[in-house]
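Please read these numbers as outputs of a predicted model, since none were measured by experiment. Numbers restart at 1 for each chain; the letters A, B, ... are given by sequence-line order, proteins then strands.
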Amino acid sequence: MVLLFVAFISFLIFRFVGNPVESLLGQEATVAQRAALEEALGLNEPIYVQYAKFVWRALQFDFGNSYRGALPVAELIATRLPATLELALTSATFAVIFGVITGIYTAIHRGSFLTNLILSTSLIGVSLPTFLIGVLLIWLFSVELNWLPSFGRGDVVDLGWWSTGFLTLSGLKSLILPSITLGLYQMTLIMRLTRAEMLEVLQQDFIRLAKSLGQSNRQIYFFHALPNILIPVITITGLQLGSVIAFAIITETVFQWPGVGLLFINAVYFVDIPVMSAYLLLVGFAFVVINLVVDLLYLLIDPRLRDSQMRGEN
Amino acid sequence: MSYVIANQLTRHYDLSDPWIIRQINRRPKNILTAVNHVSFSIEKGEAYALVGESGSGKSTIAKMVSGLLKPSAGSIHIDGHDLNGPILDGKATHSMRQRIQMVFQSPYASLNPRWKIGNIILEPIKSFRLIADEKQQHKRVAELLDQVGLSERDVSKYPHEFSGGQRQRISIARALASQPEIIICDEPTSALDVSVQAQVLNLLKDLQKEFSLTYLFISHDLAVISTMANKIGVLKDGKLVEEADSAELFANPKHEYTKMLLSAAPNIGVYVHSERKS
Amino acid sequence: MANPLLEIDQLSVSLQKRKQTLKAVDNLSLKIYSGEILGLVGESGAGKSMTGSAILGLIDPPLFISSGKIIFEGERIDQNTKNIRGSKISMIFQDPLVSLNPLRRIGDQLVETIITHFDVSKTQAFERAKSLLEEVGIDPSRINAYPHTFSGGMRQRVVIALALAPEPALIIADEPTTALDVSVQAQILDLLKKLAKERGTAIILITHDMGVIAETTDRVAVLYSGRLAEIGKTADVLKDPKHPYTKGLVASTPRIDANSLLEKLFQIPGAMPDLDNIPEGCPFHPRCDFADAQCRKEQPPLFQNRSACWLSKD
Amino acid sequence: MNRFMQSDFFYHFRNTPVAMISFAVFTCIILAAVFANIIAPYNPFDPASLNLMNGFTPPMQANDFTGEVFLMGTDDQGRDLFSTILYGLRISLFVGVMAVALAMVLGVLLGLIAGFLGGWFDVLIMRFADIQMTFPSILVAMLIYGVAKGVLPPDLRYEMSITVLIISIGLSEWVPFARTVRGSTLVEKEKEYIIVAKMIGLNKWQIMIRHILPNVLSPVLVIATITFALAIIAEATLSFLGVGVPTTKPSLGTLIRIGQDFLFSGEWWILLFPAITLLALALSINLFGDWLRDTLNPKLK
């Protein structure tokens with residue numbers, strides 16, 4: 001459902017924005033040339049047929065050719081995807097681990113010095129645009145200290161169709177700054193959410209009951225509170241994971257990281273429609289997959305949902 | 001003929017999944033019958049009470065009598081007019097609406113927190129176009145406030161400046177503003193403290209006498225009902241299981257459920273009674 | 001008479017608002033004996049729940065205990081509550097829908113509480129949990145069910161079983177039946193009476209409902225504006241109230257009676273004052289028909305261990 | 001007004017230094033931007049006043065050729081950085097305010113109608129919002145920007161770029177408004193004062209505008225402050241990426257983009273001062289918004 005809708009939007013963009021015939025042929029083309037190309041691209045067929053064909057081709061990863069460079073879009077994306085996925089994965093892991101830990105810590109130790117420090121830092125983190133974090137990190141670690149590379153992926157190893165930067169020292173070094181840049185904002189979000197949920201759960205009656213029954217803080221935090229904050233945290237984390245892929249656009253621009261984000265921003269710049277719509281579909285697809293995983297995790301955690309699913313209720 | 005006649009009132013709620021999901025799971029429609037063939041009648045100037053526990057359908061009946069909800073089957077006649085009848089003339093529904101007003105349980109949710117008291121009470125007067133002249137309108141608001149035991153100075157205050165009991169008084173004043181003949185009281189005192197509850201119940205009694213109002217009283221509290229209603233209907237799972245004059249019902253309950261309710265209801269009378277007898 | 005199980009001695013609970021110190025509970029003294037049900041009755045804001053929380057050490061900022069002692073089995077517990085709380089004193093809350101952890105099986109919650117307090121194996125704890133469920137009238141075979149599968153009244157029974165798990169000497173029940181239907185309320189109150197009688201557990205029943213007090217408690221303490229207005233055997237207090245507030249309360253409570261329709265209810269004018277607006281002298285004097293100059297100036301002490309009213313002086 | 005001065009809200013404000021300081025900083029920035037033409041020593045948009053010889057003057061140092069001194073130094077074209085930042089602020093703030101206004105009006109209206117009427121309109125709007133929410137707003141803004149660029153004829157692209165930017169950011173931020181308003185509307189419409197309003201015969205629009213709208217606005221205020229910070233950051237980000245305002249009328253983001261290019265050659269001030277300004281702006285709005293949320297939401301008190 002979501003995918004079909006996203007597909008429809010990207011189809012509309014594909015079809016109606018920046019007339020592809022003109023983009024391909026230029027303004028001086030003859031009428032006959034136009035007709036021939038429209039025929040070739042299938043633009044003379046009814047809209048719904050075009051849409052069906054678009055979806056059908058998309059299912060086979062056929063998004064047509066990029067206007068610039070005339071390479072197949074699918075191929076372009078395939079070569080760029082590993083870079084983005086590695087970056088996104090690293091920073092998401094970083095964001096989730098540190099976000100949840102600091103979130104719980106700051107909720108439990110309210111008002112302590114470290115908590116206040118973390119909270120005020122996090123507010124700066126939210127207010128700092130991602131690109132500025134990137135630029136400042138480059139300035140500090142690349143220009144002033146000269147510790148880490150400021151752009152690119154470093155050396156990569158080809159594993160068939162996948163090229164990885166995880167296996168070389170320069171690859172790993174190149175990964176550090178971009179993933180911190182990308183993960184910092186998500187981390188603060190996850191942290192603030194975890195903290196807010198934790199504080200809310202700790203005020204519930206069943207926590208007060210557990211407290212009045214003399215259970216230790218450890219039991220209360222981990223046995224009672226933690227499972228109850230997992231659902232919202234997982235939801236947001238899932239959403240953030242998707243955002244990470246999209247936010248990679250900014251990070252990739254700052255660090256000249258050769259991923260799909262950089263591809264997209266260039267596409268926007270040059271109005272390269274097939275690349276834009278394919279990218280949109282890709283991100284939509286990522287979200288659908290993540291949502292599915294999140295839904296499955298819900299069932300694992302919440303018995304109420306499990307029961308209603310089994311009874312077939314909604 | 002009785003003033004309010006509810007005849008075979010029935011209300012279903014459709015709790016089923018969308019059609020397509022039902023087809024996939026091969027399950028039938030899930031219909032809840034909240035009110036099941038309930039009939040009762042209220043004489044003019046009488047106070048009739050519906051008593052029942054949660055899920056008995058008493059609030060659904062209140063909504064149907066007030067015209068907010070259409071019955072799935074059955075009919076309601078007020079003063080000989082069918083409430084949901086074919087007279088779809090705008091004026092007729094307007095005058096029907098004016099005749100029936102409601103007082104609700106929550107003293108907090110029943111007043112718009114952003115409105116001044118004066119405007120809250122004035123709104124029905126304006127909406128029903130009862131008084132056109134602005135000076136007369138203000139006079140009427142002051143009069144209404146006085147009738148419920150509040151002061152004219154309160155018109156420019158906001159609801160949060162009042163206590164729960166005072167807010168219920170404001171609600172009552174607003175209900176009176178449209179000069180209704182029937183007031184439906186949906187648990188009007190169950191959110192109030194005992195000492196304040198007595199004030200509100202007494203006020204309702206006084207107003208009933210003064211304006212010969214007809215009350216439909218909805219409550220789960222038998223003690224409250226015994227001080228307010230002269231006729232009582234006992235609801236269980238959407239059905240009327242017993243109906244009697246209140247003296248008769250308390251002295252000589254017939255249905256098992258009524259007996260159970262009476263014995264379960266906490267009653268301070270245990271002690272006060274024995275005092276009287278001794 | 002035997003030594004009291006719990007003694008509250010001149011307890012005050014305060015809060016700081018702007019620059020005022022407001023007293024939610026003011027100079028309250030009470031004694032509770034084993035095996036009795038003591039009712040704490042009052043209208044909203046009278047300080048009855050606050051008193052319960054103070055006994056359990058659940059007073060959270062901005063509220064604080066500003067003076068007084070709470071003595072349990074001869075030991076002061078107002079400063080150090082950790083070891084007493086839960087093992088000797090349990091609590092039951094108003095809303096059973098939120099007093100159980102929705103994500104944990106009721107058995108797990110019971111077993112966990114039992115293991116916290118007793119040195120028993122998991123299987124032993126499990127058996128004990130089953131017999132507790134049986135005692136409160138729940139089929140022990142449902143031990144592995146989740147809270148959402150129980151009705152409100154059943155859930156309150158589970159909460160009571162939880163409260164019983166540490167085998168406490170005192171249970172504080174804060175409006176335990178307010179959220180329930182009348183018929184279920186009667187069953188829960190019967191259960192509490194049975195526990196007090198069979199186990200010898202003392203129960204403090206906090207409620208606003210004079211009917212519940214009449215039918216359940218042995219002794220009753222009437223609170224007004226955080227102060228004790230009257231205390232005594234339930235039968236005495238209800239039959240022959242000494243304090244004008246209690247008199248008004250009893251007379252304004254509607255009773256199930258074939259004749260009551262004809263009479264008007266007795267009504268006390270006005271309403272209980274807000275915390276920041278408690279009048280000088282006896283807090284009830286603006287609403288009292290018998291108030292004189294002394295009432296307006298001086299706060300009455302408790303006379304004859306019964307009533308805090310100048311009228312009761314002799 | 002007197003009532004406001006005595007309210008808890010104002011009392012709380014007076015007793016929260018963070019709220020007061022952030023509000024003061026924010027006010028200063030706004031005033032500086034509004035009166036930029038009075039405060040700024042140069043007009044950076046006037047090519048005649050530029051002297052290329054002044055390029056790359058470090059802050060508070062005399063230029064090697066002309067001997068002029070600039071508070072925050074100059075950029076590559078010899079523009080006085082302080083003046084450029086003030087004028088850039090104007091553009092950033094303008095885009096932010098307009099985008100938030102657009103998002104707010106759109107979101108509040110759609111949320112109110114969807115929540116009150118329910119039915120297919122609700123399903124449609126919320127479904128659309130869900131799907132849009134799955135894409136980060138910056139991506140949505142970029143996409144709208146890209147599409148608009150594709151639709152507009154090339155000669156209009158330059159002139160319309162700020163309008164396009166406002167619309168892109170505005171359309172990408174309406175969802176939180178709509179969701180919140182819909183949520184509060186669903187709660188409010190079940191309340192009994194609404195039932196009374198129905199009983200006295202008010203129509204849907206009267207109920208929506210006169211009764212519900214005033215009661216759902218306080219969370220909107222909080223979201224508006226937070227969205228304002230987001231919009232300013234979004235504008236800076238887009239400009240930084242080169243898809244925002246044109247370089248001839250630089251906003252803060254554009255300045256940072258220019259600054260980044262000269263980072264490696266040691267001209268750090270071109271980056272630093274715009275960055276600090278942006279941070280101060282976003283931080284003060286966020287701090288104030290945070291405080292506002294805590295104060296207006298009694299649940300967290």
Considering residues, nucleotides and ligands other than Lys247(C), do more than 12 of their heavy atoms fall under 6.0 Å from its NZ?
-> yes
If you tally heavy-atom pairs under 4.5 Å against chain B, which of Ser44(C), Gly270(C), Gly42(C) wins?
-> Ser44(C)
Largest heavy-atom contact set with chain C, pairs under 4.5 Å, which of Leu201(B), Leu192(B), Asn202(B) | Asn202(B)
What part of Tyr245(C) gets closer than 4.5 Å to chain B, counting heavy atoms only: side chain, backbone, both or neither?
-> neither
Roughly how far, to the nearest 0.5 Å, is the CZ atom of Arg255(C) from the CG atom of Leu222(B)?
-> 15.0 Å
Does a sphere of radius 6.0 Å around NZ in Lys197(C) hold more than 12 heavy atoms from other residues, nucleotides or ligands, not counting ones at 6.0 Å or beyond?
-> no
Indicate yes or no for a side-chain donor-acceptor contact from Asp193(B) to the backbone of Glu43(C) under 3.5 Å, with no hydrogens or angles considered.
-> no
Which region of Asp209(C), side chain (C-beta onward) or backbone (N, CA, C, O), has a non-hydrogen atom less than 4.5 Å from a non-hydrogen atom of chain B, or is it both or neither?
-> side chain
Look only at the side chain of Asp181(C) and the backbone of Glu53(B), and say whether a donor-acceptor pair between them is shorter than 3.5 Å.
-> no
What do you reckon, is NZ of Lys194(C) surrounded by more than 12 foreign heavy atoms closer than 6.0 Å?
-> yes
In Å, rounded to the nearest 0.5 Å, how long is the span from CD1 of Ile268(C) to CD of Gln199(B)?
-> 8.0 Å
Around atom CD of Glu280(C), are there more than 12 heavy atoms of other residues, nucleotides or ligands at under 6.0 Å?
-> no
dist His220(B):NE2 -> Ser183(C):OG (nearest 0.5 Å) comes out at 11.0 Å
Pro254(C) pairs by side-chain contact (heavy atoms from CB on, under 4.5 Å) with which of Thr227(B), Thr189(B), Asp221(B), Ile225(B)?
-> Thr227(B)
Evaluate whether atom NZ of Lys239(B) has more than 12 neighbouring non-hydrogen atoms of other residues, nucleotides or ligands under 6.0 angstrom away.
-> no
Proximity breakdown for Asp206(B) and chain C, heavy-atom pairs closer than 4.5 Å | side chain
Would you mind reporting whether Pro266(B) and Val182(C) have side-chain heavy atoms less than 4.5 Å apart?
-> yes
In this structure, are over 12 heavy atoms from other groups packed under 6.0 Å from Asn305(C) atom CG?
-> no
Stepwise side-chain hydrogen bond (donor to acceptor under 3.5 Å, both in side chains) check, Gln197(B) with Ser252(C) | CA-CA 8 Å; Gln197(B) 164 171 291; Ser252(C) 61; over 6 Å; no
Around Glu43(B), counting heavy atoms of other residues, nucleotides and ligands shown, do more than 12 lie under 6.0 Å from its CD?
-> yes
